[in-house]
Engineer: 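Provided herewith is a single structure, encoded as structure tokens, for subsequent inquiry.
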Protein chains: 2
Amino acid sequence: MKFSTRTTYGLRAMIYLSKYWQKEKISIASIAKAEGISSKYLERLFAKLKKEDLIVAEKGSSGGYALARDPKEVTVFDIVKSLEGKMSPFHCVDESGKVYCGKNCKCGATLVLVKVQKAINDTLKGIKLKDISK
Amino acid sequence: MKFSTRTTYGLRAMIYLSKYWQKEKISIASIAKAEGISSKYLERLFAKLKKEDLIVAEKGSSGGYALARDPKEVTVFDIVKSLEGKMSPFHCVDESGKVYCGKNCKCGATLVLVKVQKAINDTLKGIKLKDISK
DNA sequence: ACTATATCCTACTAATTTAGTTGGTATTTT
DNA sequence: AAAATACCAACTAAATTAGTAGGATATAGT
């Protein structure tokens, strides 16, 4: 089991943006270069972040991206969720923690899955973007 | 991000075995049938569990598998780890929690990864096989 | 108006991982 | 000897992830 690099790339880009919060707009090209990420790939990740209103964009020359909200108020959960899609890392358990696997819904295994899912989400919700951008 | 079905399959099989702890040996065929898992696939998962000494096997007719240790003493972490390989769900962070990514090792993103990894592992270590096999 | 620099959009490709299959061999009980 | 079991290696199929290609669209500065 591996988390995708999307999460790490996205976090790094958001940290980068938070350094310019209420200062400058930043282009994908410059973030990609600074962080060593494919700019075309980062482009696609930014589409997701924008769709969830975590960042705002301005087109055209001297355009770029900026955080949509104060880094003090954005949680890492918000970011990871927008990049990874639904935060339900198991096939049997949906996002709300409800178990719906076909075969044997009351099996002890799902107790584990639900706890792990909750542990991950609680951890992510407990960290603000501000906390990790110094 | 999804955990693989291996984890769930393996847990369910181990729960199944724990019901027969110090009673009977159980064949893969019967577990696979009862749990609705491909028996050939389960075979391969059992190879991993055996390699980590979580189960013991006896060959031949009337052979089968049994838990190697008391379900009170086996943690879910032991099981998941043997199935998933290393419990380092991020590319930047090794199993011990050490960060070793090439580019920017001190970046704030790794703080998140380390915390999530710890949260998962602590959760898994806190659950005994016995706890989930009623 | 032109040009350079951006975001935005869609489709394709490559690599990796996961899940499952095929076809056996070795061992033990009956 | 036959049946049932674990054991083993190689292959295939499906899904996901990572990355690329090739543009269209919008804006600022000249």
Side-chain angles (χ1 to χ4, degrees), chain A residues 1-10 12-13 17 20 24-33 35-68 80 83-86 88-92 101 103, chain B residues 1-10 12-13 17 20 24-33 35-68 80 83-86 88-92 101 103:
Chain A
M1 186 268 304
K2 284 273 180 208
F3 283 70
S4 59
T5 58
R6 266 179 296 175
T7 298
T8 318
Y9 288 173
R12 278 161 58 193
L17 281 183
Y20 298 94
E24 297 173 47
K25 282 166 294 182
I26 309 289
S27 71
I28 281 183
S30 56
I31 302 175
K33 193 179 172 197
E35 294 289 330
I37 301 170
S38 150
S39 72
K40 279 299 207 176
Y41 192 47
L42 194 55
E43 220 176 70
R44 299 215 336 209
L45 301 183
F46 269 39
K48 297 184 182 202
L49 293 168
K50 194 191 169 203
K51 202 173 174 193
E52 300 296 325
D53 299 315
L54 291 169
I55 55 181
V56 291
E58 207 164 283
K59 277 186 166 187
S61 179
S62 86
Y65 286 94
L67 290 184
V80 174
L83 294 165
E84 297 280 346
K86 304 211 163 171
S88 51
F90 300 104
H91 299 79
C92 287
C101 75
K103 182 71 186 168
Chain B
M1 187 271 301
K2 284 273 181 205
F3 283 70
S4 60
T5 58
R6 267 178 295 173
T7 298
T8 318
Y9 287 174
R12 277 160 59 193
L17 281 183
Y20 297 94
E24 294 174 48
K25 282 166 294 183
I26 309 288
S27 72
I28 281 184
S30 56
I31 302 175
K33 193 179 173 196
E35 293 290 330
I37 302 170
S38 151
S39 71
K40 279 299 207 176
Y41 192 47
L42 194 55
E43 219 176 70
R44 298 216 337 212
L45 302 183
F46 269 39
K48 298 186 183 202
L49 293 168
K50 195 192 167 199
K51 201 173 173 192
E52 299 297 324
D53 298 315
L54 290 169
I55 54 180
V56 290
E58 208 163 284
K59 279 184 162 185
S61 179
S62 87
Y65 287 93
L67 292 183
V80 174
L83 294 165
E84 297 280 346
K86 303 208 163 174
S88 52
F90 300 103
H91 300 78
C92 288
C101 76
K103 182 71 185 165

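For the numbers below, each heavy atom of this structure counts, side chains included, while hydrogens, waters and symmetry mates do not.
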Engineer: Please give, in whole Å, the distance from D:dT16 P to A:Arg6 CZ?
Structural biologist: 10 Å
Engineer: Does any non-hydrogen side-chain atom of B:Ile26 lie less than 4.5 Å from one of B:Glu24?
Structural biologist: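 The answer is yes, as the side chains (C-beta and beyond) meet within the 4.5 Å cut-off.
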Engineer: Counting only side-chain N and O atoms of B:Lys50, is one of them less than 4.0 Å from OP1 or OP2 of D:dC7?
Structural biologist: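 Yes, within the criterion.
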Engineer: Nearest 0.5 angstrom please: B:Lys48 NZ to B:Leu54 CG, how far?
Structural biologist: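 One gets 13.0 Å once the value is rounded to the nearest 0.5 Å.
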Engineer: From the list D:dA28, D:dA4, D:dT5, which nucleotide is the closest neighbour of the side chain of B:Ser61?
Structural biologist: D:dA4
Engineer: What contact category does B:Glu43 fall into here, base, sugar-phosphate, or nothing, at under 4.0 angstrom with non-hydrogen atoms?
Structural biologist: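 Counting heavy atoms under 4.0 Å across all strands, the contact made by B:Glu43 includes a base.
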Engineer: What's the NZ-P distance between B:Lys25 and D:dT5, to the nearest Å?
Structural biologist: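 Checked: the NZ to P distance equals 11 Å.
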Engineer: If you look at every strand shown and take non-hydrogen atoms under 4.0 Å, does A:Tyr65 touch a base, only sugar-phosphate, or nothing?
Structural biologist: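 Result for A:Tyr65 = sugar-phosphate.
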Engineer: Using every non-hydrogen atom in the two residues, find where A:Ile31 and A:Leu42 come nearest and quote the distance to one decimal.
Structural biologist: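 That closest heavy-atom pairing would be CG2-CD2, 3.8 Å.
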Engineer: Which nucleotide in the set D:dA3, D:dA10, D:dG19 lies at the smallest distance from any side-chain heavy atom of A:Arg44?
Structural biologist: D:dG19
Engineer: I'd like to check A:Leu49 versus A:Tyr65 (side-chain heavy atoms, cut-off strictly below 4.5 Å). Are they in contact?
Structural biologist: no
Engineer: What nucleotide among D:dA28, C:dC8, D:dG19 has an atom nearest to a side-chain atom of A:Lys59?
Structural biologist: C:dC8
Engineer: So if I take every side-chain heavy atom of A:Ile28 and compare against D:dA18, C:dG24, C:dT7, which nucleotide ends up nearest?
Structural biologist: C:dT7
Engineer: Given C:dT21, C:dA26, C:dT7, which nucleotide is nearest the side-chain atoms of A:Ala57?
Structural biologist: C:dT7
Engineer: Between B:Tyr41 and B:Gly63, which has a closest nucleotide on DNA chain C that is more 5'?
Structural biologist: B:Tyr41
